[in-house]
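Worksheet: the structure to be examined is printed underneath.
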Amino acid sequence: MGETALPPSDDTISGIVDSIIYQNEDNGYTVCEIEDTAGNPVTLCGIIPYLAEGDRITARGSWVTHQTYGRQFKVESFEKDLPAGEGDVLRYLASGAVKGIGPKTAQKIVELFGTDSFDVISNHPDWLAEVPGITPKKAAAISERFNAISGARSVMMFCRDFFTPQTAMKIYKKWGGAAVDRIRQNPYRLCEDFSGIGFRRADQIALDLGLDRYSEERILQGTVYVLRSEAVRSGHTCLPFGDLIRCALDLLFGDDPSPENARRIAGTVEKGAAELKLIPFESEGVHYIFEPRCYNAETYIAKKLADLKRSCPRMDRGDIVRLIEKAEAQSGLTYARAQKQALFSALEEGVMILTGGPGTGKTTIIKGLLAIFASLDLEVSLAAPTGRAAKRMSEATSCEAKTVHRLLETDFTEDGEGEARFLRNEENPLDADVLIIDEASMLDVHLTASLLRAAKRGTRLLLIGDADQLPSVGAGNVLGDLIASERFVTVRLNEIFRQGERSLIVENAHRINEGVLPILDRVDADFFFLRRNTEEGIRDTVVDLVSNRLPRSYGEDFRKKIQVLTPSRKGLSGTDSLNVLIQAAVNPPSPGKAERRSRERIFRVGDRVMQTKNNYQTEWRTDFGDEGLGIFNGDIGTVTGFEPEENLMEVRFDDRQCSIDFTGLDELDHAYAVTVHKSQGSEYPCVVIPLYDCPPMLLSRNLLYTAVTRASKMVILVGKQSVLEKMVENDRHQLRCTMLKEFLLKEVSG
């Protein structure tokens, strides 16, 4: 960014704003010149929204030297007051800070109202009509604009004791001038609506604002937070009563986990259930507690799937056989028995599930169904949970496939519960007669419920996925629960049809899935194992493969095709460590390469990055002139540039170019290495997988299987033979606490 920090300091500087050199209204980034108390000019830069000439400001921060602009004071926090003296009031209004007031009008206002001018503009806009040239309509507009600025000031000033200016600006941009009232009413919404604000921070704010430590409100908020955080962290849609009490006790009263406090929490949970703020559910003698969003999603999925199963128009079995025979003749293929069964069931059933590993012919079945449905003049929609999965589906079928978000036409305004809203729903359903959803193992309960709300009655639904892969990143185990309920026809493909391609990736993926060690000694294959017995050796080999060995063997462009997939964020070969080392090796700093620090990360032009949270407001554009909104959790892109004057970082996600506000960089991670969970739905030419000692829950067969099946051309395992053996042997799935299976058993009969 062209800045060199001087020795660390926490200086304070005060003065009156003399001139605004640059200001970005969207994110508040400002460069201004003030006259300090000694009469010296000082340049300030930082997040200082709605600053105007004449403002009195006290800023805290440190001195930096900019390569172009010289010595500046970089603002970390600030306080400011509206001008008090008549001359300063005039200067402020004449600066253009309030739209509709220019220098001449400012002069007239101050001449008439003097130091009361701000009070008149804010509280008595009708008085402004006494000023020549100001109509009642213009007076109202001026007052509205002034009060909006005042609201932003109030938010920034209120938040300065709790947050950095960047975070305060994010809060204001999302909640507007009502932010202070919303924080006072319920500080805990902060940890729900803003990444980077955890429960403990919100809880401390609540306590600072006077909330009793033992109040039912605090305990209920903590309990709800446990349920929501477990949904995000572990995929649970509910928790057993005892587990919930234990987790809430640790969160709320970690310093005093007494039986009395446990009873307080239990009593609050019971009261919350009576008031429907929490939802109780009994299953096999165990008492579970839901947060309402997950309960509503799972029960709706069960009801809607039952309705689709019943309401889909039935086809004559003889007609189905003839349609399949016609599809065979037109394609020149002879379907295997399991493939014919899949085609038959997809045409006969209202809801059908197709599962199978790589190379088992799932795409062949989709193509056959598309031909059959086209001959019946039925409208078909293809979709997948991620952009990359949808793109692969389009390429494989030669038909357009959309992301589920795009299919549902995202509204890009979040509802009061932090969920996406969609224009397609029960009132405005999709036109499709048939919905075919690929990579269905990635569907969480919330996205599935939204998809089903948009399916009109009688729609035929085909869910395609690999049931042996990891479950969705989000809450629930939708595909697994649907299969386990045995309420819908499920066809599992086992026969491998890609053997002719001599792909050891496909063969080894199936061996792993069957609990058999992969073949590791075939030198002319696409699957390799580099044994390393130390954590340092594993880490260093992975970095060397990405930065040197593979590009040297296959060409410099091959580096872009490599993706490191690791079980965990932690450890020497976790994503946190590897991303720092790989960035340093393949994209080091250089004088002509712009960069920006955000928290402990440095983002640099050329970096591979991943979006870690759905953001429905980020604008994107394509080279073909298309525009839209929204980047989503798991999207991978490349940093292409910076616009420091606009406080923006440019990132290209596949064919979409986005401008990311610096205040949104906490939703980005480096993506030279990503966790296996985050890789779901994606495919990469070359996958490098470090195998090192991790928590047992991560050393599982389905995690290794998921990682291997992400590769299309080459897999390289790096690590310990013992870890590989543990993963292949460990068929224990990390159980998710969900009730969708139980709800399905109640809703779907026969």
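All residue numbers refer to positions in the sequence shown, counting from 1. Keep in mind the model is a prediction, meaning the values are calculated, not measured.
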Candidates N513, N702, T706 - the one meeting side-chain hydrogen bond (donor to acceptor under 3.5 Å, both in side chains) with D468: N513
Please tell me whether Y684 and S679 have a donor and an acceptor in their side chains that are separated by less than 3.5 angstrom. no
Are a donor atom and an acceptor atom from the side chains of Q657 and R652 found within less than 3.5 Å of each other? yes
All pairs passing side chain to side chain donor-acceptor pair (under 3.5 Å) where residues 378-392 contributes a residue, at least two apart: R392-E439
If you measure from the Lys or Arg side-chain nitrogens to the Asp or Glu carboxylate oxygens, is any gap between D635 and R656 under 4.0 Å? yes
I want to check something: taking the side chain as every heavy atom from C-beta on, are T355 and S441 in contact at a cut-off of under 4.5 Å? no
How many angstroms lie between atom OG1 of T397 and atom NZ of K367, to the nearest 0.5 angstrom? 8.0 Å
Under the 3.5 angstrom rule, does the side chain of S331 hit a backbone N or O of E328 as a donor-acceptor pair? yes
Got a donor-acceptor contact below 3.5 angstrom from the H510 side chain to the P358 backbone? yes
On a heavy-atom basis, which atom in R460 and which in E348 lie closest, and how many Å separate them? NH1-C, 3.9 Å
Using the salt bridge (Lys or Arg N to Asp or Glu O under 4.0 Å) criterion, which residues pair with R337? Sequence neighbours excluded. none
Let me know which of N579, D576, D669, D666 forms a side-chain hydrogen bond (donor to acceptor under 3.5 Å, both in side chains) with R601. D669
Between A432 and T459, which heavy-atom pair has the shortest distance, and what is it? O-OG1, 3.6 Å
Under-4.0 Å salt bridge between E536 and R539: no
Shortest non-hydrogen pair, L698 vs L703, comes out as O-CD1, 3.6 Å
For the side-chain hydrogen bond (donor to acceptor under 3.5 Å, both in side chains) test, which of T237, N477, D481 pairs with T738? D481
Output yes when R492 and D466 qualify as a salt bridge under the 4.0 Å nitrogen-oxygen rule, no when they do not. no
Lys/Arg-Asp/Glu bridge criterion (N-O < 4.0 Å) met for E298, K741: no
Neighbour count above 12 (heavy atom, 6.0 Å) for K713 NZ: no
Can you list everything that forms a salt bridge (Lys or Arg N to Asp or Glu O under 4.0 Å) with E535? Sequence neighbours excluded, please. K720
